[in-house]
Protein chains: 2
Amino acid sequence: MAALRTIRLGTRGKPEESRAAILKAAVGEFAREGVAGARTDAIARSARVNKALLYYYFKDKESLYDAVLDEVFSGVRAAVQNALAQPLPPCERLAVYISTHFDYIASNPSYHRIVNAEFLRAGRDPSRMRRVAQQYFLPIFSSVSALLKEGAESGDFRPVDPIHFVPSMISVIAFYFTTAPIMSVLTGFDPMSPERLADRRAAVIDFISAALFTRTKGERK
Amino acid sequence: MAALRTIRLGTRGKPEESRAAILKAAVGEFAREGVAGARTDAIARSARVNKALLYYYFKDKESLYDAVLDEVFSGVRAAVQNALAQPLPPCERLAVYISTHFDYIASNPSYHRIVNAEFLRAGRDPSRMRRVAQQYFLPIFSSVSALLKEGAESGDFRPVDPIHFVPSMISVIAFYFTTAPIMSVLTGFDPMSPERLADRRAAVIDFISAALFTRTKGERK
DNA sequence: TACATCTAACTAACCAGTTAGTTACATACT
DNA sequence: AGTATGTAACTAACTGGTTAGTTAGATGTA
């Protein structure tokens with residue numbers, strides 16, 4: 001009987017593992033069901049942990065959700081900042097940024113769902129989104145703006161207003177994943193297959209390049 | 001006592017008014033709180049009607065939500081189809097379409113929230129989205145595709161693949177409203193003010209034109 | 001022993017949906 | 001004309017199941 005105990009996650013060694021398991025389970029549950037739809041029981045079950053343990057490590061459901069936001073947003077920020085720091089000329093750096101951002105979303109389905117859900121929440125309660133925006137979006141926005149400025153000065157890019165261009169760009173990168181569920185239904189194909197993703201990645205780079213580069217389009221030999 | 005009665009909505013006259021009041025209240029509530037977050041009590045209160053009346057007119061919460069989807073989606077479809085039917089050359093017709101779609105979203109905040117929430121739901125339960133897509137999105141997609149083809153044949157547009165270009169275009173049109181809550185917080189301006197909306201509308205048309213038109217950009221005198 | 005980690009069992013609040021009617025008015029019968 | 005009967009429209013009050021969060025205590029470890 002005491003031997004069976006050792007199977008359980010609880011009580012034994014690494015408490016960090018329990019915390020991490022809860023957080024990971026919470027990311028999945030919040031992404032799948034949204035904040036209002038997420039069930040704390042489901043999170044506990046999926047983390048193989050007693051529900052009360054959620055409240056031992058996190059104040060309440062909302063605080064757990066805050067931790068989830070930090071978890072997922074710190075991921076993109078790191079990936080994107082790394083891409084933008086590459087020592088490359090503007091055109092290539094832009095392409096690397098787009099690819100990186102695109103691939104991050106493609107390989108982290110939870111991330112995209114959580115961002116969208118949070119944008120919806122922001123309408124009613126902007127406080128959380130304000131923090132996230134300051135901490136994670138603003139640095140990305142600044143770096144991309146700097147890249148646009150650099151490209152305009154070197155003559156590679158049209159001069160554009162970042163405040164309009166950056167959101168437009170991001171929308172083209174991200175929207176594919178928003179519409180993937182219906183695309184799947186309408187076309188019968190799987191929009192998340194490697195081939196389709198490669199196709200789309202190319203189309204996104206083409207679309208943004210066409211909108212931004214000074215070089216006349218359709219002229220790459 | 002009998003005189004007071006005439007104030008109430010119930011029992012007497014126009015039952016259509018009650019149904020419409022419920023539907024309208026439901027649009028607002030579902031848009032504000034999402035499907036999981038929406039409360040039937042709140043809908044009833046906001047419609048000034050007893051909760052049981054929701055179940056008199058609609059089977060259950062889900063059916064009411066179906067009716068809400070039809071209500072909001074039939075609106076865009078009508079507006080957009082009308083714009084696309086204008087007897088104009090491709091470039092102008094595209095601009096009219098973009099403006100119309102943009103303005104519809106701008107003046108129907110509930111619509112945008114419901115679309116986004118529904119896209120999120122579609123990941124888990126595509127059945128509802130399948131119906132909506134067939135009935136409302138497909139016609140729009142077809143009309144815009146036809147316009148793109150026509151423009152390519154007349155030499156006004158680059159030849160593009162609608163399956164990639166149409167979603168990209170719509171993303172640029174719509175994404176502004178998704179990010180409006182944080183923009184408001186980050187910039188301190190109201191993104192929904194008439195001036196900002198006019199700005200953004202112009203930026204959207206510029207972005208899409210740059211990505212699509214064969215005419216070299218930056219050359220409008 | 002002292003402390004951190006963890007749990008079974010509980011509770012108070014909430015919420016979708018139901019029930020058992022009431023009200024106002026129309027139509028039919030006398 | 002007056003009265004019974006039918007019915008669409010509507011409501012107050014309830015129910016059963018769910019859910020976030022708590023409590024009191026058990027378990028392992030140093």
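Lettering of chains follows the sequences in order, A, B, ..., and the numbering in each one begins at 1. No experiment lies behind these values; they were computed from the predicted model shown.
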Is any side-chain heavy atom of B:F102 less than 4.5 Å from a side-chain heavy atom of B:R200?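 Heavy-atom side-chain distance check passes, below 4.5 Å.
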Heavy atoms, side chains only, cut-off 4.5 Å: are B:V132 and B:M129 in contact?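 They are in contact (side-chain heavy atoms under 4.5 Å apart), so the answer is yes.
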Give a yes or no on whether the backbone of B:A95 and the side-chain of B:S99 come within a donor-acceptor separation of less than 3.5 Å.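 A pair under 3.5 Å: yes.
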Let me know the distance between [atom1] of [X] and [atom2] of [N], rounded to the nearest Å.
X     : N      : atom1 : atom2 : value
B:L54 : D:dC10 : CG    : C1'   : 12 Å
B:Y55 : C:dC15 : OH    : P     : 12 Å
A:E16 : C:dA4  : CD    : C1'   : 13 Å
A:L53 : D:dT27 : CG    : C1'   : 13 Å

Under 3.5 Å, which donor-acceptor pairs link side chains of residues 75-87 of chain B to any protein atom two or more places apart or in another chain?
| residue | atom | partner | partner atom | Å |
| --- | --- | --- | --- | --- |
| B:R77 | NH1 | B:Q135 | O | 2.8 |
| B:Q81 | OE1 | B:S143 | OG | 2.9 |
| B:Q86 | NE2 | B:N82 | O | 3.3 |

Phosphate-side-chain proximity, B:Y56 and D:dC10, N/O vs OP1/OP2 below 4.0 Å: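 The answer is no; no side-chain N or O of B:Y56 sits under 4.0 Å from OP1 or OP2.
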Taking only side-chain N and O atoms of B:S18, does any of them lie within less than 4.0 angstrom of OP1 or OP2 on D:dC10?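 For D:dC10, OP1 or OP2 has a side-chain N or O of B:S18 closer than 4.0 Å.
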Quick one: are the ring centres of A:F30 and A:Y65 less than 6.0 Å apart?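 Aromatic pair counts; centres sit under 6.0 Å.
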For B:R19, which residues count as a side chain to side chain donor-acceptor pair (under 3.5 Å) partner, sequence neighbours excluded?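 B:R19: no side chain to side chain donor-acceptor pair (under 3.5 Å) contacts found.
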Parallel, tilted or perpendicular: which one describes the rings of A:F119 and A:F137, with boundaries at 30° and 60°?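 Geometry flag for A:F137 against A:F119: parallel rings.
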Using the six-membered ring wherever Trp is involved, compare the ring planes of A:Y111 and A:Y104 and label them parallel, tilted or perpendicular (cut-offs 30° and 60°).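 The rings of A:Y111 and A:Y104 stand perpendicular, inter-plane angle above 60°.
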Short of 4.0 Å, heavy atom to strand atom, which residues of residues 57-65 of chain A count as contacting DNA chain C?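 A:Y57 - these, ordered by number, are the residues of the stretch whose heavy atoms sit under 4.0 Å from the strand.
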Let's see if you get this right: which residues in residues 23-41 of chain A place a heavy atom under 4.0 Å from DNA chain C?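 Of all residues in residues 23-41 of chain A, none places a heavy atom under 4.0 Å from DNA chain C.
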Charged N-O contact under 4.0 Å between B:E62 and B:R121: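 Yes, charged N to carboxylate O under 4.0 Å.
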Does A:D190 come within less than 4.0 Å of A:R196, counting only side-chain N to carboxylate O?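 Not counted as a salt bridge, because no side-chain N and carboxylate O are separated by less than 4.0 Å.
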Donor-acceptor pairs under 3.5 Å, side chain of residues 34-45 of chain A to any protein atom, not counting sequence neighbours: which ones?
| residue | atom | partner | partner atom | Å |
| --- | --- | --- | --- | --- |
| A:R39 | NH1 | A:A36 | O | 3.4 |

Using the 3.5 Å cut-off, write out each protein N or O paired with an N or O of nucleotides 12-17 of chain D and the distance between them.
| residue | atom | partner | partner atom | Å |
| --- | --- | --- | --- | --- |
| D:dA12 | OP2 | B:N50 | ND2 | 3.1 |
| D:dA12 | N7 | B:N50 | ND2 | 3.1 |

